[in-house]
Amino acid sequence: MDHAWKRLSQPLSRRAGSLFRHHRFGLYILAVLVGLASGLGAVLFRLGIDAWSQLLNGADDYTVSMGPSVGLLAPLGSWFVLVAPVLSGLLTGPLMSRLGRTPTGHGVAGVIWSTRHGDGTMAPLPALATTTSAALTIGGGGSVGPEGPIAELGASTASVIGRGLRLPRLSIRHLAAAGTAAGIAAAFNAPLAGAFFALEVVLMGFSADAFIVIVLACVSSTVLSHHLLGTTLSLSLPYLDLSGDAQLGWVALLGVVGGGVGIGFMRLRFIMLDALTRAWQRLGVPIWARPGTGGLAVGAVLLILPEMYGESSATLNRALAGRYTLTLLLVLCVAKMITTSLTLGMGFVGGVFAPSLFIGGTLGAAFGTLVAPSYAPAAGVFGVIGMGAVFAGAARAPMTAVLLIIEMTGQHALLLPLMLATVLATFISRFLSRGTLFTEELRRRGEDVEDPMTTTLLGRTHASRLMVDPPAVLEDTAQLNEAASLMSRRGVSALPVVTTGEDGARELLGCVTAAQLAGALLSDDSDDASPRPATVAELSLVCDRLPCEAEATDVLEALTSTRLEGLPVVARAAGSGAEGLVGWVSQRIIVERIYEVQAQARAASVTYTSWGSRLQDKWHSRPVPPRRTSRISSRSSRRSRRR
């Protein structure tokens, strides 16, 4: 029975795998499934945050009341904010140190790294550990956002599905971006903003195929989120309007200031991370104990400013409603920057997307209170614009910023000033910094995603990744006849010459070419005052060589200038400083790399097609039956010939 089932199921599984691997329709089905899975993960993540917050303080959002705890920590009263981060840290540290380790990194930066260096795959177990730790962090008072773990969870969900079906690398990348977008769309109730976030930030490019896949995932995740969590706006505000073109001057100024604040937030986040990391290392505190220990510092800040607890959604609503003074708004803006940086520097887990919105909202509300003190809705109008400006400056994603604010607030009347503010904030961001809130972490790891070299075929690939073993190696004592014979057998025109030291290391002397050997062997001693060389070491060797760190451009330049078919790759020894032979780079390797990419592209163009195009090809390739002529037409043709 099992054998019969296997015989019947194997053709079906092959057909199903072919449908998902080679047809757009199958990829669109997977996009919907990824969206549903990511949306469900985002909903469960939100419920986990609320459950942990309810357990500790008795409320989903502590910043609504900011009173004493009525939950598990009720005996501590208002002092529970000092203990809640410590409890969360004691759980987060061991969980991340044991299950959260991954070479791709975490959050949005990890998703960007995986989509650029591989096929977009992210391990599911570290993603689950990150999501759980972030729920503990936010519910326990950590001043971070939910979008980073949600993006990682969505990308890992898409990776599991894509790798299980053995999809092409490009399809897995699109699904990973779709999973990220779906998670953000479900978390912020902003499907279009989630789609553009994946295109602008994760993929950093636009294509019709990627847009369709991402939008399908965002729509399915948002519909599921609406059924489970409702359809309310993330920020409920009265109708806001910015009447008069003269106000656009203030909007432009807010955009410039918001872009600078966004970059300042990014700088502060990494400055504090470096400082706290050095402090942890000097004190000898292990990684798993850092969140629990650092929770005391986070709790001390919450004891002074309980408005910084978690995502601070209620605090942001009050700021946009104009219920805070100018001084307090500025204090909340700066405090959020410090508290978020402190939380992440202590080893807690979370995103920086939502904190940047809070920083922009309080900055804009303070700006509106300052420039229009007599206009009641000024705090809400400029606060919403400030949210978009700071996020655009920090993330350098102006379209995402505009769509996100419009979808979160429903304030379509502010579309024009939002566009102006986000564009100016993006300009200031590019002027002040090369990295963004998400790409700066990759820059610190040696990955510059905005480097023009990344768009080329070889990019900044080092010679150590292009090299292979030399076709043969000549010792310095080799005779000319032996060298010529070896070069003929290997079918090459150049070989490296080495000398072996006392420690067995092979130091490169240079390269000998076929032309040098031919000239030396054909020369006559009587015609030249100098005797003919006896060994290859006595020849005038080619000294050109490539270090392991040489980039692909340097390799191509060396191969072009020397006109040799290959060059040796060397590495300097630690003790002696001599350059030892470690590999060989040839023109054939470069050609094979180009051919591999071209062959993959041609195979993808053949297999990745649509049902309509295949049907059209079959229709045009069908055999055409011979045309029959009637008697009347044949008679008329004979008459015409006679005439």
Side-chain angles (χ1 to χ4, degrees), residues 457-458 460-597:
L457 183 62
L458 297 177
R460 295 190 179 274
T461 306
H462 290 169
S464 57
R465 298 186 59 185
L466 294 173
M467 68 182 185
V468 295
D469 293 333
V473 178
L474 291 171
E475 294 288 341
D476 56 342
T477 57
Q479 301 293 322
L480 299 184
N481 292 332
E482 297 175 0
S485 177
L486 180 60
M487 192 173 293
S488 176
R489 290 197 306 270
R490 299 296 183 182
V492 294
S493 61
L495 285 177
V497 179
V498 299
T499 179
T500 304
E502 297 179 356
D503 56 351
R506 298 189 303 179
E507 181 182 354
L508 179 70
L509 298 179
C511 290
V512 61
T513 64
Q516 290 176 326
L517 290 177
L521 290 174
L522 295 177
S523 63
D524 190 0
D525 293 344
S526 60
D527 297 338
D528 196 349
S530 60
R532 187 174 67 182
T535 61
V536 292
E538 300 177 14
L539 296 174
S540 179
L541 301 178
V542 179
C543 298
D544 294 276
R545 61 197 66 189
L546 292 167
C548 290
E549 308 82 37
E551 295 182 352
T553 306
D554 302 326
V555 174
L556 294 174
E557 181 183 3
L559 290 174
T560 303
S561 60
T562 60
R563 297 185 179 181
L564 296 178
E565 68 170 357
L567 286 174
V569 180
V570 296
R572 191 173 298 276
S576 61
E579 293 183 335
L581 178 66
V582 294
W584 183 262
V585 176
S586 65
Q587 298 179 8
R588 181 178 179 181
I589 297 174
I590 307 298
V591 174
E592 288 177 352
R593 179 69 65 90
I594 298 175
Y595 169 73
E596 180 182 355
V597 176

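No experiment lies behind these values; they were computed from the predicted model shown.
Distance CE/Met487 to OG1/Thr513: 7.0 Å, rounded to 0.5 Å. Cys511 contributes atom SG, which lies 8.5 Å from atom CG of Leu581 (distance to the nearest 0.5 angstrom). Note: Leu517 CG to Leu522 CG = 10.5 Å, rounded to the nearest 0.5 Å. Rounded to the nearest 0.5 Å, atoms CG (Leu509) and CZ (Arg545) are 8.0 Å apart. Trp584 contributes atom CH2, which lies 12.5 Å from atom CG of Asp469 (distance to the nearest 0.5 angstrom). If you take CG on Leu480 and OG on Ser485, they are separated by 12.5 Å, rounding to the nearest 0.5 Å.
Heavy-atom minimum distance, Leu495 versus Ala472: CD2-O, 3.5 Å. Arg490 and Pro471 make their closest contact through NE-O, 3.4 Å (heavy atoms, listed as atom of the first residue, atom of the second, distance). Here the shortest heavy-atom pairing between Pro547 and Ala463 reads O-CB, 3.7 Å. What you find for Leu546 and Ala558 is that their closest heavy atoms are CD2-CB, 3.9 Å. Closest approach of Pro568 to Asp544, counting heavy atoms only: CD-O, 3.7 Å.
Between the side chain of Glu565 and the main chain of Ser586, no donor-acceptor pair closer than 3.5 Å is present. Under the 3.5 Å distance criterion, the side-chain polar atoms of Gln587 are matched with a main-chain donor or acceptor of Leu564.
Residues Glu538 and Thr535 have side chains in contact (heavy-atom distance under 4.5 Å, counting atoms from C-beta outward). The shortest distance between side-chain heavy atoms of Glu475 and Thr499 does not fall below 4.5 Å. Counting heavy atoms from C-beta outward, Val512 and Leu541 have side chains that approach closer than 4.5 Å. Here the side chains of Asn481 and Leu521 are in contact, with some heavy-atom distance below 4.5 Å. Proximity of Asp554 to Glu551: side-chain heavy atoms (C-beta onward) are separated by under 4.5 Å at one or more points.
Sequence neighbours left out, the pairs with a member in residues 580-592 that pass salt bridge (Lys or Arg N to Asp or Glu O under 4.0 Å) are Arg588-Glu592.
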Kindly determine whether Val555 and Leu567 satisfy side-chain contact (heavy atoms from CB on, under 4.5 Å), including the steps that lead there.
CA-CA 9 Å; Val555 174; Leu567 286 174; over 6 Å; no
